[in-house]
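Structure first, commentary second.
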Amino acid sequence: MLYLGVDLGTSSMKVLLVDGKGTVLRSTSQSYPLMMPQPGWSEQDPEEWWSALCVCVPKLLEGIDATQVAGLSFGGQMHGLVALDENDQVIRPAILWNDGRTGKQTDALNNDFGKEGLLSLTGNLAFAGFTAPKLLWMRENEPELFAKIRKIMLPKDYLAYRLTGVHSCDYSDAAGMLLLDVANRCWSKPLMEYCGVTEEQMPQLFESYEAIGTVKPAMAALLGIPVTTVVAAGAGDNAAAAVGTGTVGEGSCNISIGTSGTIFIPSKEFKCPPEGNLHAFAHADGTYHLMGCILAAASAYTWWRSDILKGESNEDEQAGITREKLGKNHVFYLPYLMGERSPHNDPSARGVFAGMSLDTTRFDMTQAVMEGVAFAIRDSVEIVRSLGLDIKASNLCGGGAKSPIWRQIFANVLNLELFVPESEEGAGYGAAILAMVAAGEYASVLEACAAMPRGGTKYAPDPAIVALYDERYEVYKALYPAIQPIFPKM
């Protein structure tokens, strides 16, 4: 049988066609516009997502026996607010994860509702990108539209509704709304009351691998797939990508060096960092996970190489960073170009170079940028280890992971054996795996992940370089608290 995995991204949609053994047969993508009506705002028309799906799926199935399509699922951009009226029509453009308008509402949640209450009820503090602050913003700034809301949805779940007629949401994506009691896997009544919404306005909750229904006849005809196609609830993009890399079960880990940087650690039991400096979310395999997120990872490097150095080639800019220089750089870099999320939750933080001298070269500064991103991820690793979770190895993926020297930097800064997959298909591949489970191809997500083909390269840390980086990390760790009081004045 065949399965469709949909990766609903911020700038484009990618759809994979995968067989039951995990072989990617085809893929296609479609881009769509991002609207920024005011500085710091980020919106999208959900109809653009639907149009992209209607282009991608028929294109993907050209010349294929579409009767073999047994399941479909999603990995989607998280936190976005899609508000529907009583006729299930979109009320306003979706407010996306990277929208920064909700500073006032985020502060109110953390300070008025209170951090202790948020952690006890949801396992997370409020961040500007989450869904709950967006609802508060709508209530305060668009009261007439807010009054029309009958269903509150996340981006991927709007597509699932269009296909099946079911208002659904999986636990992994719901955990990023700040409206879910993550530990008990149910909507949080105190948070809903604070935001002025009811449980009737929330979608029905499912595990990521559960079937929410089958495709409605009109939608099946439009896309060219059978009406028997099972639609699985799907997952937030990070959880779906983790499934795609086999990051399921205790002891596994996935680090992504994408536009942003994430570290994803599954846990059988719900664990909430006491300071709320990591996200405590549900996982797509039915368990939980901790996640640290830095807002600028590969994008910090791209900014330095393209905008500042005006360089075109990663190879040229990294040619002077040799193994002999690892752990010996005297330049440090804080990669907080867009503020920072984990572990500081500080939107006012900014990028900082420190330690330059007259003999500093461009390669020293390029190396500092790459090391600064690795050190920022290590901040989250240290918190995970303090909670008693033992990480010995990790997958490493994302655009930044294509750099051999950056792989070595990460292995040594984190003191972890890293596995770089031979090919990386992202959240769409994880979504296809979830569809396989929902359609009965496999009994569980763990069983499905174990059956998928895996190939790649391992990078082991060098104890001597690890020791050098341990010393450099202590300097790095002292920079943020020393400079933090100055950031708001900038």
Side-chain angles (χ1 to χ4, degrees), residues 253-258 261-263 292 294 296-306 308-309 311 313-337 351-382 384-385 391-421 456-480:
C253 179
N254 187 63
I255 296 169
S256 174
I257 322 173
T262 59
I263 177 168
I294 64 172
S299 57
Y301 174 83
T302 301
W303 161 81
W304 172 247
R305 186 206 70 199
S306 300
I308 306 303
L309 298 180
S313 165
N314 286 334
E315 290 76 12
D316 290 344
E317 295 304 334
Q318 297 173 21
I321 308 172
T322 61
R323 186 180 179 88
E324 292 72 28
K325 291 186 176 182
L326 300 188
K328 299 175 182 178
N329 194 8
H330 60 275
V331 183
F332 293 85
Y333 178 68
L334 302 183
Y336 308 148
L337 297 177
V352 174
F353 279 105
M356 287 85 72
S357 57
L358 283 175
D359 63 346
T360 296
T361 69
R362 69 189 288 162
F363 294 120
D364 294 333
M365 297 184 75
T366 299
Q367 182 175 339
V369 171
M370 300 170 82
E371 289 172 339
V373 172
F375 283 141
I377 290 290
R378 178 166 171 172
D379 282 341
S380 293
V381 171
E382 294 299 320
V384 171
R385 287 169 172 159
I391 310 172
K392 291 187 172 65
S394 176
N395 294 312
L396 184 69
C397 62
K402 295 178 181 178
S403 163
I405 194 66
W406 214 351
R407 298 170 185 176
Q408 292 177 8
I409 288 171
F410 262 87
N412 288 295
V413 166
L414 304 179
N415 193 18
L416 290 175
E417 183 178 78
L418 300 178
F419 178 78
V420 181
T457 306
K458 289 184 179 179
Y459 285 77
D462 181 320
I465 300 175
V466 168
L468 293 172
Y469 273 126
D470 284 345
E471 294 178 4
R472 309 313 284 167
Y473 176 66
E474 292 303 314
V475 178
Y476 172 89
K477 194 166 57 172
L479 286 173
Y480 172 77

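Throughout, numbering of the chain's residues begins at 1 and tracks the sequence.
Taking all atoms of both residues into account, the shortest heavy-atom contact from G258 to A297 is O-CB, 3.4 Å. Nearest heavy-atom pair, P461 versus P463, reported as atom, atom and distance to 0.1 Å: O-CD, 3.7 Å. A pairwise comparison of heavy atoms in L337 and Y333 identifies CD2-OH, 3.3 Å as the closest pair. Of all the heavy atoms in A374 and L414, the pair that sits closest is O-CD2, 3.9 Å. Closest approach of G327 and L468 over heavy atoms only: O-CB, 3.6 Å.
Note that the CG atom of L309 and the OG1 atom of T366 stand 5.0 Å from one another [nearest 0.5 Å]. Put simply, OG on S380 and CD1 on I294 are 8.0 Å apart, with the number rounded to the nearest 0.5 Å. Atom CD of Q367 is separated from atom CD1 of I321 by 5.5 Å, given to the nearest 0.5 angstrom. Distance CG/L396 to OG1/T457: 11.0 Å, rounded to 0.5 Å.
Judged as a side chain to side chain contact (heavy atoms under 4.5 Å, CB included), and not counting sequence neighbours, the contacts of S394 are C253, I255, L416, L418. Among residues two or more places apart in sequence or in another chain, the side chain to side chain contact (heavy atoms under 4.5 Å, CB included) test is passed with K458 by E417, F419. The side-chain hydrogen bond (donor to acceptor under 3.5 Å, both in side chains) test applied to S403 returns Q318, not counting sequence neighbours. Scored by the side-chain hydrogen bond (donor to acceptor under 3.5 Å, both in side chains) test, E471 finds no partners at all (sequence neighbours excluded). Shown here are the side-chain hydrogen bond (donor to acceptor under 3.5 Å, both in side chains) partners of T360, two or more places apart in sequence or in another chain: H330. Under the rule for a side chain to side chain contact (heavy atoms under 4.5 Å, CB included), the partners of D379 that lie at least two apart in sequence or sit in another chain are Y336, P343, H344, Y473, Y476. Applying the side chain to side chain contact (heavy atoms under 4.5 Å, CB included) rule to T322 yields the partners E324, K325; only residues at least two apart in sequence or on another chain are considered. K477 is linked by a salt bridge (Lys or Arg N to Asp or Glu O under 4.0 Å) to E474, counting only residues two or more places apart in sequence or in another chain. Residues satisfying the salt bridge (Lys or Arg N to Asp or Glu O under 4.0 Å) criterion with D462, sequence neighbours excluded, are R323.
In this structure, the side chains of F332 and L479 come closer than 4.5 Å at one or more pairs of heavy atoms. Between N254 and I263 the shortest side-chain heavy-atom distance does not fall below 4.5 Å. Inter-residue side-chain proximity for V369 and F353 is flagged as met; some heavy-atom pair is nearer than 4.5 Å. Looking at heavy atoms from C-beta onward, L326 lies in side-chain contact with I405 at the 4.5 angstrom threshold.
Looking only at atom types and distance, the side chain of N314 has a donor-acceptor partner in the side chain of R305 under 3.5 Å away.
With hydrogens and angles ignored, the 3.5 Å screen pairs a side-chain donor or acceptor of R472 with a backbone N or O of N329.
Counting only residues at least two apart or on different chains, the salt bridge (Lys or Arg N to Asp or Glu O under 4.0 Å) pairs with a member in residues 357-378 are E317-R362, R378-E382, R378-D470. Applying the side chain to side chain donor-acceptor pair (under 3.5 Å) test to every pair with at least one member in residues 404-415, sequence neighbours left out, gives these pairs: R407-Y459.
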Next item on the list: Determine, stepwise, if the pair F410 / V373 fulfils side-chain contact (heavy atoms from CB on, under 4.5 Å).
Entry: CA-CA 9 Å; F410 262 87; V373 172; 4.0 Å; yes
